[in-house]
Amino acid sequence: MITDASLTRDGLEAEGGGRVLVIACGALAHEILAIKAANGLDHIDLHCLPAILHNRPDRIAPAVEAALDARAGAYDRAFVAYADCGTGGALARVCAERGVGMIEGPHCYAFFEGQDAFAARDEVDAFYLTDFLARQFDAFVTRPLGLDRHPELREAYFGNYAKVVYLAQTDDPALTTRAQAAAETLGLAFERRFTGLGPFASALHGAR
């Protein structure tokens, strides 16, 4: 069974049988599987790395490299459903060396909203959430930063932020409520923007 907890810790193993391998962050698994099912993209096999790697971005490029190497020759082509995600260009170098495409931009937040629109906002004081991060806020923020044990650390970590921006992939009132609660936990203003799944649908349709 695919759960947020398993995607956070373990990722998702590709089932095999497709022509195209998509290696993605576990935080994007639900969205990619939904797009795959809705559009009949049966030629795609999805392999997800643990989402918690985002808390150690220096480990993302080596993990993607290992996943590509382990499946070399098994697929016609591969696509990496990560943006740079804090790897400092290391992931782009891995993909370039292997002739593999990847998501453009600094991170998935920019990809969801659109690179130009995201850059134009220039929101240096915003802390972003997606659907997955709204559901897994405690696993990615509260517990790793120790805010559950030492709430006084909130100012040290988030004192320079002004708001939480929830980039919503789905219209789910329950997730909006959870994102609002996260903003309240951090003592920040809240803003919701609906992005949908369009950017990922376009990227996956290109992975043929």
Check this for me: does any side-chain nitrogen of one of Arg192 and Asp171 sit under 4.0 Å from a carboxylate oxygen of the other?
yes
Do Tyr157 and His150 have ring centres separated by under 6.0 Å?
no
Parallel, tilted or perpendicular for His54 and Tyr82, by the 30°/60° rule?
tilted
Determine whether a donor-acceptor pair (N or O, by modelled atom type, separation under 3.5 Å) exists between the side chain of Glu65 and the backbone of Val94.
no
Let me check something: do Leu145 and Leu53 share a hydrophobic cluster, defined by ILVMFWY side-chain heavy atoms less than 4.5 Å apart, either directly or through other members?
no
Ala110 backbone acceptor or donor facing His107 side chain under 3.5 Å:
yes
Check for a donor-acceptor pair, side chain of Ser6 on one end and backbone N or O of Ile2 on the other, with a separation under 3.5 Å.
no
Residues two or more places apart in sequence or in another chain: which of them pass side-chain contact (heavy atoms from CB on, under 4.5 Å) with Pro62?
none
With a 4.5 Å cut-off on side-chain heavy-atom distances among I, L, V, M, F, W and Y, is there a chain of contacts connecting Leu28 to Leu133?
yes
Between Thr170 and Phe194 the two heavy atoms that sit nearest each other are C-CE1, 3.8 Å
Looking at Arg71 and Glu13, does any basic side-chain N land under 4.0 Å from a carboxylate oxygen?
yes
Taking every heavy atom of Gly196 against every heavy atom of Phe112, the minimum-distance pair comes out as O-CD2, 4.2 Å
Would the number of heavy atoms belonging to other residues, nucleotides or ligands and lying under 6.0 Å from CD of Gln115 be above 12?
yes
Taking only residues two or more places apart in sequence, or in another chain, which ones meet Arg135 in a side-chain hydrogen bond (donor to acceptor under 3.5 Å, both in side chains)?
Asp4
In terms of hydrophobic clusters joined by side-chain contacts under 4.5 Å, are Phe132 and Leu197 together?
yes
If every non-hydrogen atom of Tyr161 is compared with every non-hydrogen atom of Phe127, which pair is closest and at what distance?
CD2-N, 3.6 Å
Parallel, tilted or perpendicular, judged at 30° and 60°: which one describes the rings of Tyr128 and Phe118?
tilted
Could you report the tightest heavy-atom contact between Ile23 and Ala67, atom names first, then the distance?
CD1-CB, 3.7 Å
